[in-house]
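Residue indices begin at 1 and follow the sequence shown. In each ligand, atom 1 is the first atom listed, and ligand 1 is the first ligand listed. The model shown is predicted, which means the values in this text are computed figures rather than measured ones. Any value given below was found using the heavy atoms of this structure, including those in side chains, with hydrogens, waters and symmetry copies removed.
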Amino acid sequence: MCGVVAVLGKENASQLVIEGLKKLEYRGYDSAGITSVSQGLLQTIKSEGKLLNLIGKLDKSTKEKLYFDNSIALGHTRWATHGNVSFENAHPLTSENKIAVVHNGIIENFEILKKELISLGYNFRSMTDTEVLPHLFMKYIKMGNDLLEAGRLVLKDIKGAFAFVAMSVDFPNQLFVSRNSSPLAIGLGDNANFIGSDAHSIDHLTQKIIYLEDGDHALVKINKISIFDKNFKKVSRKIINIQAEIGLITKGGYKHFMEKEIFEQPVVLPQTTSSFIKNNSEITIDLDKLGFKNKNSLIICAAGTSYYAGIVGKYWIEQIADIPVIVDLASEYRYRKPSIFGQNSILVISQSGESLDTLMALRYAKELGLKTNAIVNVEGSTIDREVDYSLYSKVGPEIGVASTKSFTSQLVILFLIAVSLGKKFNSLTLTQMRKKCQLINMLPSAIAKMLEKENQIKLIAQNIKNSKSVIFLGRGLLYPLALEGALKLKEISYIHAEGFAAGEMKHGPIALIEDDVPVIMFLVSDGNEDKAISNLQEAYSRGAKIILIADKKCIDKATFAHFTVEIAEFENEFKSLLSPLLMSVPAQLLAYHVAKERGTDVDQPRNLAKSVTVE
Ligand code: F6R
């Protein structure tokens, strides 16, 4: 999603902005741009595609001395929403070359505003919703307002979710910033201040951060920051000291971040477990805070991979604790007028803590009177700050767009919630609870064993890399894994893939089977494997290429499979209960190797963003 960085009061501001934009690259974008002020004039450089293109242009202009001595600059990585990917639509967008604005989010009423501005003689050069912002600023500044007053009038005009930064040559060394639902951080320096879409994008400049709250706007000067809330009342916001994460954000010798993030799971997942399990078997999740003083049902909301984690969570919580769980797509929740009968709380799941769909679902649940809880990886993110209680994934920054280690850490937390609820409401004895904690403590070494299958998965990847479509099947706890396996494959390899509950095939999707269509099943012997094998056989009989990743018992039964990967032997309860965690590894490796074979951009796949801050 779009990323915003601005620097005020430091020499070579443009270069510092570029450093910040590089740190936002992982979020996904398709064009970039930067504006600084030189000799009283705005200087803007933009380009389609990756930052390297912009940097090339910037270097050239620096040589031509356009950008010397600038101490104010703002920059942007754009993920196209309104208007295609093009030079004109890239940000910063300007008005009369005196105002420049960078913006993340959507101005929902831009069409009406655009019409009015056109009738006043403003010339629109882009197809974006954003371009109304610089023109509105221009209009109000021409009426005699200063930057702060003009910004406030702009805020009164616009509707939507946004975070933006505006600068004007008429008010040198000032920036107007505002946020509504999209994240924005202000960094405090010595005689310098900085703005970023997240704290990490400016942690090379400062460790002192203020997060604006929703509806806030601020006037940022070199040595003064004035913040106002949505009622235009002056407020002070807490200064937070963050730790630079620079050391953590390297590929550590791997070719891609995704590969590194898959392989570091045995090392980072103990960070998740150890923050919720004390003395080997005491789970420290506060069930009262989670909304379980009494036995109620639960609603889980999330998007994408986090939603699939939610489905696994539902299966575990219902199976282990006998508590009914509804799982909803965050983007659907508030628009379908859900019933909250029997519910006391909502649990949202979000790696980034910034997905706007999930944030909106959370706010809606709050309005309905539910307690709000979250599983998040990014501490200090908007969702983290808005919920009553956060459970942190603790797996460190995830840079690859495809969720890997954050998915497995979400599963670990959901499993511990299920076990903890099971104990509290007497579906589990103390001994059974302790046993389940032991199982989860065995997970890192089991994941390491799953990773040893990489070479066999590579062979499958080579075999299916040219397929037009791939089908994933799963039953029970491995049904959500079929959905996740398909999502992972399609998002980074661009091969069409669908996941189905294996038993559903005969109700329609089996019509898709033709010669050589790969049908992939993850399976463990849990007493119900025969049904899944029959479903696989039905696909085999219609010509599908059968790929089975399973334990020995299942592989021995499915003698018809074309490719098999036999996983290590684990204790029965461990294998069946934690099968979604085990099978996440081959699902991730398969997607990764197919994408690598096809030469796609594994870490920043086309059209995708790491942090999806539009609805
Ligand atoms: C897929 C993926 C996405 C995210 C989804 C929600 O690999 O990463 O489907 O899971 O956009 O993101 P978060 O968890 O940050 O709310």
Side-chain angles (χ1 to χ4, degrees), residues 1 24 26-28 79 181-183 197-198 200 256-259 261-262 265 300-313 327-333 346-363 373-387 390-393 395-411 413-414 472 480-494 497 499 584-585 587-592 594-595 600-615:
M1 280 289 110
L24 292 174
Y26 74 95
R27 294 159 70 109
W79 185 81
S181 295
S182 298
S197 281
D198 62 22
H200 170 57
H256 297 104
F257 280 109
M258 183 182 177
E259 186 187 17
E261 287 156 6
I262 294 172
Q265 290 176 105
I300 295 180
C301 269
T305 287
S306 299
Y307 170 72
Y308 298 146
I311 304 179
V312 178
V327 189
D328 215 340
L329 286 166
S331 54
E332 288 292 314
Y333 182 63
I346 185 171
L347 175 66
V348 298
I349 307 174
S350 176
Q351 185 286 130
S352 62
E354 299 294 352
S355 292
L356 196 56
D357 288 320
T358 311
L359 178 63
M360 289 307 185
L362 158 72
R363 288 184 181 163
N373 307 294
I375 295 176
V376 280
N377 190 32
V378 181
E379 298 182 30
S381 57
T382 308
I383 288 177
D384 177 28
R385 283 180 288 119
E386 291 201 13
V387 286
S390 290
L391 301 159
Y392 298 119
S393 297
V395 289
E398 188 178 68
I399 305 300
V401 159
S403 277
T404 51
K405 61 177 179 172
S406 61
F407 176 64
T408 43
S409 69
Q410 291 165 350
L411 293 185
I413 298 173
L414 288 159
F472 287 79
L481 244 287
L483 302 176
E484 169 62 1
L487 175 63
K488 214 87 304 169
L489 183 69
K490 74 182 117 185
E491 72 178 321
I492 59 168
S493 74
Y494 317 148
S584 296
V585 175
Q588 296 163 354
L589 285 174
L590 184 67
Y592 174 71
V594 174
T600 57
D601 188 344
V602 172
D603 284 333
Q604 291 170 32
R606 70 183 181 204
N607 305 338
L608 286 176
K610 185 73 184 158
S611 192
V612 183
T613 51
V614 292
E615 266 195 279

For atom 15 (O) of ligand 1, find the nearest protein heavy atom and state the residue, atom name and distance (0.1 Å precision). Ser352 OG, 2.7 Å
Within less than 4.0 angstrom of ligand 1, does Thr404 place any heavy atom? no
Near Ser350, which atoms of ligand 1 are under 4.0 Å from a heavy atom of that residue? 13 (P), 14 (O), 15 (O), 16 (O)
Could you tell me whether the side chain of Lys610 and the main chain of Leu24 form a donor-acceptor pair under 3.5 Å? no
Under a 3.5 Å distance rule, please check whether Tyr494 uses its side chain to pair with a backbone N or O of Arg606 as donor and acceptor. yes
Could you check atom 11 (O) of ligand 1 against the protein and tell me its nearest heavy-atom contact, residue, atom and distance included? Val612 CG2, 4.0 Å
Considering only the protein, which heavy-atom contact is closest to atom 3 (C) of ligand 1, and what is its distance? Thr305 N, 4.0 Å
Is Glu354 touching ligand 1 with its side chain, its backbone, both, or neither, if touching means heavy atoms under 4.0 Å apart? neither
So is Lys488 polar-close to ligand 1, meaning N/O to N/O under 3.5 Å? yes
Given 3.5 Å as the limit, does a donor-acceptor pair link the side chain of Gln265 with the main chain of Ile262, or not? yes
Is there a donor-acceptor contact under 3.5 Å from the side chain of Ser306 to the main chain of Ala302? no
Subset of ligand 1 atoms that lie under 4.0 Å from at least one heavy atom of Ser355: 6 (C), 12 (O), 13 (P), 15 (O), 16 (O)
Minimum-distance pair of heavy atoms, taken over all atoms of Gly499 and Leu483: O-CD2, 3.4 Å
Any atoms of ligand 1 less than 4.0 Å from a non-hydrogen atom of Glu491? List them with their elements. 1 (C), 7 (O)
Regarding ligand 1, does Val401 bring an N or O atom to under 3.5 Å of one of the ligand's N or O atoms? yes
N or O contact, Lys610 vs ligand 1, cut-off under 3.5 Å: no
In plain terms, say whether Lys405 and Glu398 are close enough for a salt bridge, that is, a side-chain N and a carboxylate O under 4.0 Å apart. no
Closest non-hydrogen atoms of Ala587 and Leu481, given as atom of the first, atom of the second and distance, are CB-CD1, 4.2 Å
Distance from atom 5 (C) of ligand 1 to nearest protein heavy atom, with residue and atom: Ala303 O, 3.6 Å
Here the pair of heavy atoms bringing Asn377 nearest to Gly396 is ND2-O, 3.0 Å
